[in-house]
Amino acid sequence: MPELPEVETIRRDLQRGILNKIIKRVHIFDSRILRQPAKEISQKLSGCAIEAVVRRGKALALELSSGEHWIVQVMMTGQLILNGPRGRHTRLALDFTDGDCLLYNDQRVFGQLRVVADFQDVPYFRILGPEPFDDAFNDAYIAAYLKKTKRPIKNVLLDPGFVAGIGNIYASEILFQCRISPKRRGHRIKLSEAALLHQHTNAVLKQAIAMRGSSMRNYLDGAGKKGKFNQRLKVYARAGKPCAHCGSPIERIVQAGRSTFYCMKCQI
DNA sequence: AGGTCGACCTGGCAGC
DNA sequence: TGCTGCCAGGTCGACC
């Protein structure tokens with residue numbers, strides 16, 4: 001999916017674009033993305049106004065005037081686009097009373113949509129760790145968490161229970177900025193390095209949000225446009241290309257079934 | 001109990 | 001051209 005910076009960009013676009021609009025009609029083209037019966041979702045959305053758009057980790061919650069939350073997890077290939085052209089990957093569309101239309105597109109159909117009264121009804125929220133920009137995500141928390149695990153640090157960064165919102169792209173980028181090898185085990189991370197992880201997690205994510213995210217293949221923002229942070233990526237998807245720091249080739253390895261990119265010389 | 005591995009899907013691309 | 005295999009930003013349940 002889009003990771004935190006991409007989802008945050010979509011959130012900001014929607015917050016500007018659909019606030020206070022009233023849902024007139026719901027069109028469901030593919031119910032595989034729904035975690036509730038189509039009829040129930042339609043009924044719960046129809047007639048509601050969108051009162052706020054909030055983000056938690058990589059999930060969006062659209063606050064409805066009924067008091068319920070429309071939870072959208074876009075996963076790898078989901079897109080929420082206002083007034084875009086309908087395509088063969090459009091799985092759902094909302095007509096607003098003012099004539100605007102919100103599309104949910106999803107090539108791989110991994111996305112999950114549901115309307116809930118309580119955030120705890122969403123499995124993802126039940127296990128979710130602190131937001132990277134929250135006070136709860138601090139040097140002491142990071143150090144204490146890492147101390148009790150032997151998993152490679154890359155896998156820990158990807159774990160939503162440790163911190164919300166970091167995915168495969170930013171995990172590699174953050175570790176490069178910290179000069180820490182993705183293979184280093186959690187309990188081998190020093191206190192000073194926990195502080196570095198904290199600092200660079202915030203810095204990398206903030207910069208990516210400022211550039212409206214990274215578009216590798218499928219990600220588009222709420223207006224259907226690509227993000228610009230790809231140009232700033234130092235290691236992700238750069239196997240064989242020179243390290244920006246020392247010039248030696250960037251390596252690609254596989255950890256927990258996912259690609260990791262890093263510089264063997266700079267990251268120890 | 002901590003940690004890893006498929007499954008869930010579609011489509012683009014490289015190689016033959 | 002057309003086939004095969006690999007790869008892709010996430011999450012979750014099954015299994016070791």
Side-chain angles (χ1 to χ4, degrees), chain A residues 1-11 29-35 55-60 71-80 87-92 104-114 119-129 132 145-175 182-187 204-205 208-209 211-221 225-233 235-240 252-261:
Chain A
M1 138 162 77
E3 306 180 29
L4 187 150
E6 292 77 32
V7 178
E8 177 61 19
T9 301
I10 297 170
R11 187 197 70 77
F29 307 114
D30 191 332
S31 54
R32 287 177 296 176
I33 54 166
L34 307 178
R35 288 300 172 271
R55 179 192 58 73
R56 179 82 174 89
K58 299 171 195 165
L60 287 168
I71 308 297
V72 180
Q73 289 176 266
V74 297
M75 300 291 198
M76 308 259 257
T77 54
Q79 306 166 339
L80 276 170
R88 63 177 168 144
H89 297 136
T90 301
R91 313 293 177 185
L92 178 143
Y104 179 75
N105 298 334
D106 194 340
Q107 180 205 101
R108 291 170 72 182
V109 214
F110 281 170
Q112 300 191 8
L113 273 54
R114 43 168 62 86
F119 272 33
Q120 293 303 306
D121 294 339
V122 183
Y124 177 67
F125 289 144
R126 287 202 288 264
I127 55 97
L128 204 55
Y145 192 103
L146 295 179
K147 207 171 160 185
K148 59 185 168 65
T149 182
K150 293 184 176 173
R151 298 154 75 196
I153 181 64
K154 158 72 171 359
N155 297 4
V156 180
L157 283 177
L158 276 185
D159 183 347
F162 168 63
V163 61
I166 296 177
N168 213 30
I169 297 177
Y170 298 107
S172 282
E173 293 300 312
I174 289 163
L175 288 171
K183 294 195 246 184
R184 191 108 67 83
R185 292 173 181 277
H187 67 127
V204 167
L205 296 178
I209 292 170
M211 302 200 54
R212 302 183 61 76
S214 310
S215 289
M216 299 309 294
R217 292 165 185 236
N218 297 289
Y219 163 71
L220 296 177
D221 64 25
K225 293 187 179 152
K226 295 185 172 212
K228 293 193 170 67
F229 193 71
N230 330 27
Q231 305 156 10
R232 302 286 190 91
L233 296 175
V235 288
Y236 185 81
R238 291 180 48 80
R252 173 186 181 269
I253 58 171
V254 174
Q255 294 180 287
R258 326 267 325 259
S259 292
T260 300
F261 300 88

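We name chains A, B, ... by the order of the sequence lines, and we start the count at 1 in each one.
- With A:Tyr124 contributing its side chain and A:Lys58 its backbone, the two residues share a donor-acceptor pair below 3.5 Å.
- A gap of 13 Å separates the P atoms of B:dG6 and C:dC6, to the nearest Å.
- Computed from coordinates, the A:Glu3 CD to C:dT11 P distance equals 9 Å when rounded to whole Å.
- The two residues A:Tyr170 and A:Glu6 make their nearest non-hydrogen contact at OH-OE2, 2.6 Å.
- Nucleic acid contact for A:Arg126: none, since no nucleic acid atom lies under 4.0 Å from a heavy atom of the residue.
- The two atoms that bring A:Arg252 and A:Ala239 nearest to each other are CB-CB, 3.9 Å, heavy atoms only.
- Without hydrogens or angle criteria, A:Glu8 side chain to A:Ile209 main chain gives no donor-acceptor distance under 3.5 Å.
- Taking every side-chain heavy atom of A:Arg252 into account, C:dA8 is the closest of C:dG10, B:dG3, C:dA8.
- One atom, OH of A:Tyr145, and another, C1' of B:dG3, lie 11 Å apart when rounded to the nearest Å.
- The interatomic distance linking A:Ile253 (CD1) with B:dT4 (P) rounds to 13 Å, in whole Å.
- Taking only side-chain nitrogens and oxygens, A:Lys58 comes nearer than 4.0 Å to OP1 or OP2 of C:dT11.
- As a whole-Å value, the separation of A:Arg258 CZ from C:dT11 P is 9 Å.
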Hey, what are the protein-to-nucleotides 8-10 of chain B N/O distances that come in under 3.5 Å?
from, atom 1, to, atom 2, distance (Å)
B:dC9, O3', A:Arg32, NH1, 3.3
B:dC9, O2, A:Arg108, NE, 3.0
B:dT10, OP1, A:Arg32, NH1, 3.2
B:dT10, O2, A:Gln107, OE1, 3.0

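- Side-chain atoms of A:Glu3 come within 3.5 Å of backbone atoms of A:Ile169 as a donor-acceptor pair (strictly under, hydrogens ignored).
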What pairs of nitrogen or oxygen atoms, one from the protein and one from nucleotides 12-16 of chain C, lie under 3.5 Å apart?
from, atom 1, to, atom 2, distance (Å)
C:dC12, OP1, A:Tyr124, N, 3.1

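- No donor-acceptor pair under 3.5 Å is formed between the side chain of A:Gln120 and the backbone N or O of A:Arg126.
- In this structure, A:Arg185 places its CZ atom 16 Å from P of B:dG2, rounding to the nearest Å.
- Remark: A:Asn105 engages A:Gln79, A:Thr90 in a side-chain hydrogen bond (donor to acceptor under 3.5 Å, both in side chains) (not counting sequence neighbours).
- One N or O on the side chain of A:Arg91 and one on the backbone of A:Asp106 form a donor-acceptor pair closer than 3.5 Å.
- Annotation: side chain of A:Lys154 is in contact with side chain of A:Asn168 (closest heavy-atom distance under 4.5 Å).
- Distance A:Arg151 CZ to B:dG3 P: 6 Å, rounded to the nearest Å.
- As rounded to whole Å, 13 Å separates atom P of C:dG10 from atom CD1 of A:Ile10.
- Side-chain contact between A:Ile33 and A:Val109: present, with at least one pair of heavy atoms (C-beta onward) separated by less than 4.5 Å.
- When heavy atoms are screened at a 4.0 angstrom cut-off, A:Tyr236 is found touching the sugar-phosphate backbone but no base atom.
- Listed by chain and number, the residues in a ring-ring contact (aromatic ring centres under 6.0 Å, His included) with A:Phe125 are A:Phe119 (sequence neighbours excluded).
- Only the P atoms considered, B:dC9 is 16 Å distant from C:dA14, to the nearest whole Å.
- If you check every strand for non-hydrogen atoms under 4.0 Å, A:Ser259 touches sugar and phosphate atoms only.
- Residues forming a side-chain hydrogen bond (donor to acceptor under 3.5 Å, both in side chains) with A:Asn230 (at least two apart in sequence, or on another chain): none.
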When Watson-Crick pairs (N1 to N3 and N6-O4 or O6-N4) and G-U wobble pairs (N1-O2 and O6-N3) count only below 3.5 Å on both distances, what is the dot-bracket string of DNA chain C, with | for other-strand pairs?
.|||||||.|||||||
